[in-house]
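Contents: one structure, followed by commentary.
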Amino acid sequence: MKDPNNTRNTAPRRGSPLWIYFVVVILLGIAACGTAFAGLTGADLDALARQPVFWILGCFIVFGELRPIITPGSTENNGATTSTTFAFAALLYAGLPVAATLQVVAVITAGIFRGRTPHRIAFNAAQYTLSLAAAQLVLALAGDMATPTRLWVPDGGDLPLIALAGTVYFCANDTLVGSAIALHERVPLLKALRWDLAYQVLVHLALLGLAPLMVVAMDRSAVFVPLIVLPFIAVYLNASVSVRREHQALHDVLTGLPNRKLLTVRTEEALAEASGADKRPGRFGRAGARARRGAPAAAAEPEHRRAGLFLLDLDRFKEVNDTLGHATGDRLLQLVAHRLTHSVRPGDLVARLGGDEFAVLLPTVRDEAAAREVAARLRAALSEPVRLDGMSFDLEGSVGIALFPDHAQDFELLLQRADVAMYNAKEGRTGVEVYSPGKDRNSPDRLSVLGDLRRAIDRSELELFYQPKISLRDDQLVGMEALLRWRHPDKGLLEPAAFLSIAEQTYLMRSITHYVVEAALAQTAAWWREDLAVQVAVNASGRDLLDTGLAEMIEEGLLARGLPAAALQLEITERILMNEPAYASETVRALAELGIPLSLDDFGTGYSSLVRLKRLPVEEIKIDSSFVRRLTGSSDDAVIIRSIVDLVRTLGLRSVAEGVEDPQTARALREMGCDAAQGWHFGRPMDAATATDWLRRRMERAPEPAA
């Protein structure tokens with residue numbers, strides 16, 4: 001899976017440790033090649049040209065470099081290459097010059113084909129050459145060194161020697177690559193080697209173990225060689241499907257960047273490592289050493305290992321979508337992703353959270369000043385003019401910074417405080433802001449509620465109540481709206497106004513939405529099994545509509561319970577129409593294709609355009625209760641409601657009035673032609689058991705005349 005934001009092709013800075021390492025390895029590789037080819041004669045070259053098996057081997061080595069074995073969690077950049085088997089077989093059969101030549105040609109061919117930079121191609125060629133030379137040295141010390149004119153076919157007694165040579169090859173190759181990764185990612189060598197050591201050992205054991213069989217097949221007939229390739233093809237195809245699925249689950253489809261799920265995992269790993277560093281002896285630096293030698297402990301000042309989390313939001317991105325369309329906006333987001341990835345340090349992580357919002361994780365950062373430097377570099381990269389579709393854009397972004405452990409101790413709170421800092425940067429037009437408690441509008445009480453709410457989700461303290469929607473024409477039941485409640489252990493039953501606004505500012509909203517959808521579907525399925533077929537509506541926020549997994553979650557829930565798509569309805573507020581990315585999101589289109597009906601809630605409180613209203617796949621419009629409750633006492637509100645009802649009827653949609661609390665209001669709405677109503681006059685919100693009894697009684701009796 002090629003990563004469009006991979007930074008390994010970026011040439012190291014001249015004089016840097018990575019640059020010095022590359023130069024040393026490449027020079028050693030050239031020296032190893034020169035030594036190997038020094039004893040090669042014209043007869044050897046002539047023997048090579050006449051052997052078709054070496055031409056076949058060369059093709060397979062090139063193919064192996066182009067199509068490495070990839071597994072979930074890895075990419076083509078670090079997957080084991082099947083060329084290992086063929087190159088090691090060539091080493092055993094004909095010696096280092098043949099193996100190195102075929103491997104170097106394959107590396108250069110694959111590097112050109114895959115667009116790798118010259119420094120990376122040269123390093124990979126030297127890395128393989130040195131690894132093969134190390135294995136050849138083991139064979140030479142044992143006296144079993146093949147040449148193109150003196151081929152060597154091992155027997156059973158040679159397997160221990162081959163195993164030793166293979167072990168030396170693996171150790172040399174893994175150390176050379178691991179050292180480069182450690183210098184590039186700025187992590188300790190042992191950590192880089194441990195990242196996928198078990199996988200590399202297992203795969204190389206299989207690849208190198210096949211090499212002696214390849215030698216025997218080559219010695220018997222070149223025709224047998226292609227047969228060994230068939231298992232590689234099967235492994236490659238299976239691994240490709242697996243890695244593609246995992247990549248899609250952990251990465252944003254549009255930009256190829258990690259998504260929120262992968263960001264969560266990597267941030268928690270970084271915080272755990274930073275916490276462990278603080279607990280290790282010696283974290284107090286020189287002052288700590290003096291304290292251990294008997295100096296006053298007060299002189300010791302802790303040197304915490306910090307991690308940083310940035311939230312970056314593009315300024316005025318909506319104008320691009322409105323002016324040039326979403327296709328251009330998507331291309332702009334891809335360009336932004338590329339610029340951000342190439343503006344951070346190796347080892348830092350850039351993720352896309354949705355819309356034009358990005359996150360940057362710094363697993364290690366010295367202090368607040370260093371974090372500000374990185375943020376300034378990100379904004380500078382964005383500020384370079386962009387030219388798309390014949391137009392030039394000047395991009396700007398606002399960055400919020402939160403540091404561990406200074407501002408928060410866990411991922412959710414760190415993200416929430418980075419979000420607060422980012423909005424402060426937007427409002428103050430400062431560009432970059434570090435989280436400051438003095439600028440946080442969230443009071444300690446609100447933060448306490450946030451912590452309680454996080455635990456409430458785990459403890460199943462959230463509960464759904466249900467309120468009926470009744471037809472004003474024939475008093476028939478139109479549906480039930482699921483309303484969220486929190487059964488707080490100390491404060492009792494809380495309505496959404498007490499906690500949902502806090503959740504919508506954090507990424508707890510995703511967990512809450514998941515619970516609401518699952519609980520509503522479970523209750524709907526239970527009613528349908530009792531022949532109480534009723535449509536249940538649940539509320540969705542703008543953040544939910546930017547979650548590409550929402551439609552998939554709903555589809556899986558419907559299929560698992562055998563429910564039709566029409567059994568569930570999603571209610572979105574009119575204000576979401578003002579958010580173009582949410583309105584035009586893939587989620588809305590996916591829900592429409594799935595057949596999930598949408599209801600536009602709180603209509604009349606926003607400024608939705610009639611064009612958008614007509615294009616949005618909604619089946620009903622809910623008139624906001626603020627107008628309905630004043631209907632009988634305000635002629636202005638009556639005019640507004642009548643206009644909305646007429647507009648909705650013209651568009652072929654159903655109108656539903658919210659907040660109907662008395663028979664006079666219900667009668668006036670019926671006279672205006674409103675289709676349905678919801679409110680205390682028809683039924684208060686009921687828990688699941690009470691709502692079930694209410695439905696049973698209603699289904700058993702004939703509809704009564706409307707009030």
Side-chain angles (χ1 to χ4, degrees), residues 260 353-355 357 412-413 415-417 419-420 423 440-467 469 480-521 523 536-547 549-550 553-554 568-579 582 585 587 598-606 622 624-626 658-659 678-680 684-688 691:
R260 184 171 60 233
L353 302 182
E357 192 172 52
E412 289 291 347
L413 194 53
L415 191 63
Q416 187 262 344
R417 291 186 167 174
D419 199 29
V420 169
Y423 277 106
D440 192 347
R441 297 173 182 172
N442 294 312
S443 65
D445 290 340
R446 287 169 62 88
L447 292 179
S448 175
V449 169
L450 185 63
D452 290 345
L453 183 57
R454 187 183 298 110
R455 289 183 287 273
I457 297 173
D458 298 331
R459 297 172 181 172
S460 301
E461 295 174 1
L462 300 181
E463 185 178 343
L464 289 185
F465 277 51
Y466 299 88
Q467 187 175 36
K469 292 188 289 186
M480 301 284 279
E481 181 180 359
L483 303 170
L484 185 63
R485 299 291 185 267
W486 178 7
R487 202 170 288 280
H488 196 283
D490 300 322
K491 302 177 182 178
L493 194 65
L494 300 180
E495 295 194 0
F499 61 91
L500 210 54
S501 60
I502 302 175
E504 287 177 345
Q505 299 173 15
T506 72
Y507 292 92
L508 285 177
M509 197 63 210
R510 178 184 175 90
S511 300
I512 293 175
T513 301
H514 188 277
Y515 162 78
V516 169
V517 171
E518 288 294 322
L521 287 175
Q523 186 59 61
V536 175
V538 298
N539 290 276
S541 68
R543 191 183 292 272
D544 293 329
L545 294 185
L546 292 174
D547 180 7
L550 178 63
M553 177 184 67
I554 291 176
L568 184 72
Q569 182 187 65
L570 284 187
E571 293 191 4
I572 60 175
T573 63
E574 185 191 9
R575 293 182 182 88
I576 293 178
L577 284 179
M578 299 301 294
N579 187 343
S585 70
T587 303
L598 298 182
S599 173
L600 194 61
D601 200 8
D602 299 339
F603 190 81
T605 60
K622 300 187 74 173
D624 188 66
S625 59
S626 61
E658 294 183 290
Q678 176 181 348
W680 286 11
R684 297 196 176 197
M686 301 167 277
D687 60 35

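No hydrogens, no waters, no symmetry mates; every other heavy atom, side chains included, goes into these values.
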| said: Please find the pair of heavy atoms, one from Ser625 and one from Gly659, that lie closest to each other, and give the distance. | reply: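 Looks like CB-CA, 3.9 Å.
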
| said: On a heavy-atom basis, which atom in Leu598 and which in Gln569 lie closest, and how many Å separate them? | reply: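 In this case the closest contact between Leu598 and Gln569 is C-CG, 4.4 Å.
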
Rounded distance [0.5 Å steps], [atom1] in [X] versus [atom2] in [Y]:
{"X": "Arg684", "Y": "Met686", "atom1": "CZ", "atom2": "CE", "value": "11.5 Å"}
{"X": "Asp419", "Y": "Leu413", "atom1": "CG", "atom2": "CG", "value": "11.5 Å"}
{"X": "Ile512", "Y": "Ile457", "atom1": "CD1", "atom2": "CD1", "value": "4.5 Å"}
{"X": "Leu493", "Y": "Trp486", "atom1": "CG", "atom2": "CH2", "value": "11.5 Å"}
{"X": "Asn539", "Y": "Thr513", "atom1": "CG", "atom2": "OG1", "value": "9.5 Å"}
{"X": "Leu550", "Y": "Arg510", "atom1": "CG", "atom2": "CZ", "value": "9.0 Å"}

| field | side chain to side chain contact (heavy atoms under 4.5 Å, CB included) between Phe499 and His488, worked out | value | CA-CA 11 Å; Phe499 61 91; His488 196 283; over 6 Å; no

Validation row: [X], [Y] side chains within 4.5 angstrom (heavy atoms):
{"X": "Val536", "Y": "Leu464", "result": "no"}
{"X": "Asp601", "Y": "Ile572", "result": "no"}
{"X": "Pro685", "Y": "Arg485", "result": "yes"}
{"X": "Leu462", "Y": "Leu453", "result": "yes"}
{"X": "Leu500", "Y": "Met509", "result": "yes"}

| request: Given salt bridge (Lys or Arg N to Asp or Glu O under 4.0 Å), test Arg454 with Glu412 step by step and report yes or no. | output: CA-CA 9 Å; Arg454 187 183 298 110; Glu412 289 291 347; 5.3 Å; no

| request: Check the pair Met553 / Glu518 against side chain to side chain contact (heavy atoms under 4.5 Å, CB included), numbers first and verdict last. | output: CA-CA 9 Å; Met553 177 184 67; Glu518 288 294 322; 4.1 Å; yes

| said: The test is side chain to side chain contact (heavy atoms under 4.5 Å, CB included); show your working for Lys469 and Met480 and say whether it passes. | reply: CA-CA 6 Å; Lys469 292 188 289 186; Met480 301 284 279; over 6 Å; no

| salt bridge (Lys or Arg N to Asp or Glu O under 4.0 Å) assessment of Asp452 paired with Arg455 | CA-CA 5 Å; Asp452 290 345; Arg455 289 183 287 273; 2.7 Å; yes

